[in-house]
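Quick caveat, the model's predicted, so the values are computed rather than measured. Start at 1 and go down the list; that is how both ligands and their atoms are numbered. Note: hydrogens, waters and symmetry copies are ignored here, and every other heavy atom, side chains too, is used.
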Amino acid sequence: MLVVDILTCYAVAGIGSVVGLGLMSFIQTDQPRLLQTLNIYRWAFAALSVMSIILFAPPPQVPALTKALIGFAGMGVCLIAWAFRQLNGRRTHPYLGAGLTLVVGALLWAAALLPEAEYVRAVAVIFAVLSVAMAVDQGWLIMSSVRGHISELSLMGVALAFALHWLVVAYHAFTVPGPYPPDWLHGPVWLRPVSGIGVALLPLAVAALAFSTINARLSQQLRARALSDDLTGALSRRGLRELGERMLAIQQHQSSQIAVLMMDLDHFKAVNDRYGHLIGDDVLRHVTQVIRDRLRDDALLARYGGEEFTVLLPVKSAQEAYGVAERLRKAVETHPCETKVGPIRITISIGVSFHQASTSLEEDLAKADGRLYVAKNNGRNRVEFAEG
Ligand SMILES: Nc1nc2c(ncn2[C@@H]2O[C@H](COP(=O)(O)OP(=O)(O)OP(=O)(O)O)[C@@H](O)[C@H]2O)c(=O)[nH]1
């Protein structure tokens with residue numbers, strides 16, 4: 001049987017966390033949401049780095065310090081779970097994220113006051129609940145997104161392995177009586193080397209995978225910028241074609257479907273004629289922002305022509321697409337554009353089609369455009385859906 005010195009593994013994990021902190025400091029971005037995610041990762045690796053400081057502080061191997069280390073590790077795991085969410089485009093309120101992190105840290109520190117057997121069980125239960133919640137949350141986020149980048153899937157694999165490990169430890173903490181090892185890791189003999197090596201490599205693995213996921217996101221954003229329209233920042237028609245084709249290809253392997261929304265501003269010529277082209281441009285930018293603010297990260301928004309926009313929307317059901325299209329129409333209607341000549345009210349008409357396995361993006365767009373034409377003819381400021 002492989003002999004693993006668990007304290008050395010903790011030390012390696014601490015060093016890995018310092019490396020993680022360094023990696024996260026190298027990434028530069030002007031994207032506010034990504035910056036926030038990076039900061040959470042930095043805090044996570046800082047909390048995990050405390051491990052190495054504690055372990056190398058004299059005298060080593062003091063149980064009280066080991067308990068404090070486990071408290072910091074719990075906080076690190078919480079922060080990583082929070083950063084995972086941010087990375088997948090789900091905003092978690094800062095107070096909620098920081099509050100949960102502190103609660104888990106406090107619980108682990110409070111558990112250190114319990115007698116040995118209860119302490120081991122409490123730690124096992126807290127980590128098992130935390131890691132299962134993280135794996136389920138991460139799994140759900142990845143499954144409901146159409147990205148599926150390999151590093152994200154690997155991050156999910158790491159989260160699953162981590163949860164499985166803590167479930168086994170929790171099971172043994174309750175079914176196998178003491179005595180407990182001095183390093184507080186309780187579990188079957190075979191688990192010790194597996195767990196030790198896992199603990200040692202975990203921060204490095206998370207850092208490398210998070211780095212590569214963020215890197216993929218950044219290059220995706222750079223690419224999107226190259227493919228976007230100057231006036232509104234939405235994708236250009238070429239961008240829609242490139243990213244849209246890819247979205248359709250990825251979607252083939254998923255349970256979601258893609259709704260195609262064609263939208264056109266109503267009587268926009270009158271706005272230009274009355275207020276001039278510059279104000280017209282402001283209205284186009286405003287409408288783009290109103291729509292973008294109401295779309296999830298996995299949707300694509302493009303300016304298809306002068307005052308015509310397209311959205312490719314991954315949805316679980318046609319019902320969901322109906323809901324989003326109506327929400328967008330209402331949002332534009334109820335949010336006038338504030339300009340220097342006063343508020344300008346504008347409405348949009350929307351035609352919706354659904355991508356089928358047998359249809360091309362061009363055909364989907366043409367079908368949605370046909371429905372848009374019907375929406376215009378039926379009085380404007382309305383949504384029309386294609387059959388099937
Ligand atoms: N300000 C501005 N106007 C644009 C831009 N691109 C196209 N347009 C204008 O958009 C207007 C489109 O007018 P029409 O196609 O007649 O449509 P509409 O007046 O919106 O009427 P319906 O679509 O039938 O409701 C034209 O006046 C174009 O000059 C742009 O980049 N900036």
Side-chain angles (χ1 to χ4, degrees), residues 221-245 258-295 299-313 321-355 361-387:
Q221 279 169 7
L222 276 180
R223 201 169 152 60
R225 269 185 205 179
L227 296 172
S228 63
D229 157 58
D230 282 346
L231 179 72
T232 60
L235 288 173
S236 60
R237 196 188 273 220
R238 180 173 147 231
L240 173 72
R241 204 156 290 136
E242 285 201 19
L243 299 187
E245 294 289 358
I258 307 284
V260 179
L261 281 62
M262 269 295 195
M263 1 186 146
D264 188 279
L265 274 61
D266 298 326
H267 301 304
F268 186 60
K269 186 172 180 310
V271 173
N272 273 331
D273 290 348
R274 182 157 176 207
Y275 303 105
H277 258 72
L278 290 182
I279 298 283
D281 286 353
D282 286 346
V283 173
L284 286 174
R285 271 191 288 262
H286 163 79
V287 169
T288 309
Q289 198 53 43
V290 169
I291 295 172
R292 199 192 334 253
D293 284 349
R294 282 153 188 82
L295 291 175
L300 292 182
L301 168 63
R303 186 170 170 219
Y304 196 70
E307 20 76 86
E308 197 168 4
F309 293 87
T310 306
V311 170
L312 295 194
L313 189 70
Y322 300 162
V324 174
E326 256 310 309
R327 210 168 61 227
L328 294 179
R329 185 198 61 75
K330 263 199 198 121
V332 173
E333 184 183 20
T334 52
H335 289 78
C337 174
E338 297 299 336
T339 66
K340 57 180 187 226
V341 295
I344 297 179
R345 298 200 166 274
I346 194 89
T347 58
I348 52 170
S349 300
I350 307 181
V352 184
S353 71
F354 292 93
H355 173 67
L361 180 57
E362 288 306 324
E363 286 164 335
D364 300 332
L365 291 167
K367 205 165 172 187
D369 206 34
R371 299 315 294 174
L372 171 62
Y373 185 75
V374 175
K376 289 277 183 188
N377 280 341
N378 284 347
R380 297 179 173 78
N381 190 22
R382 54 186 291 130
V383 183
E384 290 286 342
F385 295 92
E387 301 295 324

Novice: Which protein heavy atom lies closest to atom 21 (O) of ligand 1, and at what distance to 0.1 Å?
Specialist: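 Here the closest protein heavy atom is His267 N, 3.5 Å.
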Novice: State the atoms of ligand 1, each with its element, that fall below the 4.0 Å cut-off from a heavy-atom position in Lys376.
Specialist: 22 (P), 23 (O), 25 (O)
Novice: Quick one: look up the protein heavy atom nearest atom 18 (P) of ligand 1 and list residue, atom name and how far away it is.
Specialist: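 Nearest protein contact, heavy atoms only, for atom 18 (P) of ligand 1 is Phe268 N, 3.4 Å.
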Novice: What atoms of ligand 1 come closer than 4.0 angstrom to any heavy atom of Gly306?
Specialist: 6 (N), 7 (C)
Novice: Could you tell me, atom by atom, which parts of ligand 1 come under 4.0 Å of a heavy atom of Gly280?
Specialist: 1 (N)
Novice: Please list the nearest protein heavy atom to atom 17 (O) of ligand 1 with its residue and the distance rounded to 0.1 Å.
Specialist: Glu307 OE1, 3.7 Å
Novice: Ligand 1 versus Val283, non-hydrogen atoms closer than 4.0 Å: side chain, backbone, both, neither?
Specialist: neither
Novice: What I want to find out is whether Lys376 reaches Asp266 closely enough, with some N-O distance under 4.0 Å, to be called a salt bridge.
Specialist: yes
Novice: So, Arg345 side chain and Pro336 main chain: donor-acceptor pair closer than 3.5 Å or not?
Specialist: no
Novice: Taking Arg303 for the side chain and Gly306 for the main chain, is one N or O donor matched with an acceptor at less than 3.5 Å?
Specialist: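 It does hold such a pair.
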Novice: Using a strict 4.0 Å cut-off to heavy atoms of His277, name the atoms of ligand 1 that fall inside it.
Specialist: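 Result: 1 (N), 2 (C), 3 (N), 29 (O).
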Novice: Donor-acceptor pair, His286 side chain versus Thr339 backbone, under 3.5 Å?
Specialist: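 Between the backbone of Thr339 and the side chain of His286 there is no qualifying donor-acceptor contact (under 3.5 Å).
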Novice: For atom 16 (O) of ligand 1, which protein heavy atom lies nearest, and how many Å away is it?
Specialist: Lys269 CD, 3.8 Å
Novice: Flag Leu231 as yes when one of its N or O atoms lies below 3.5 Å from any N or O atom of ligand 1, and as no otherwise.
Specialist: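 No; the residue has no nitrogen or oxygen that sits under 3.5 Å from a nitrogen or oxygen of the ligand.
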Novice: Relative to atom 4 (C) of ligand 1, which among Asn381, Asp282, Asn272 owns the nearest non-hydrogen atom?
Specialist: Asn272
Novice: Is a side-chain donor or acceptor of Ser236 paired with a backbone partner of Leu227 at a separation under 3.5 angstrom?
Specialist: yes
Novice: Under 4.0 Å from a heavy atom of Arg380: give me the atoms of ligand 1 that qualify, with their elements.
Specialist: 22 (P), 24 (O), 25 (O)
Novice: Check whether any side-chain N or O of Thr310 sits under 3.5 Å from a backbone N or O of Met262 as a donor-acceptor pair, and report yes or no.
Specialist: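 No, the answer is negative, given that no donor and acceptor are paired below the 3.5 Å cut-off.
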Novice: Between Glu362 and Arg241, does any NZ, NE, NH1 or NH2 come within less than 4.0 Å of an OD or OE carboxylate oxygen?
Specialist: yes
Novice: Any ion pair linking Asp364 and Lys367 (charged N to carboxylate O, less than 4.0 Å)?
Specialist: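 No salt bridge links Lys367 with Asp364.
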Novice: So, Arg329 and Glu326, do they make that salt bridge, N to O below 4.0 Å?
Specialist: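 So Arg329 pairs with Glu326 through a salt bridge.
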Novice: Enumerate the atoms of ligand 1 whose separation from the nearest heavy atom of Leu265 is less than 4.0 angstrom.
Specialist: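 Listed by number with element: 20 (O), 23 (O), 25 (O).
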Novice: Hey, what do you get for CD (Glu242) to CZ (Arg237), rounding to the nearest 0.5 Å?
Specialist: 14.5 Å
Novice: To check your reading of the model: name the closest protein heavy atom to atom 32 (N) of ligand 1, its residue, and the distance in Å.
Specialist: Asp281 OD1, 2.7 Å
Novice: Arg303 heavy atoms, cut-off 4.0 Å: which ligand 1 atoms fall inside?
Specialist: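 It comes down to these atoms of ligand 1: 5 (C), 6 (N), 30 (C), 31 (O).
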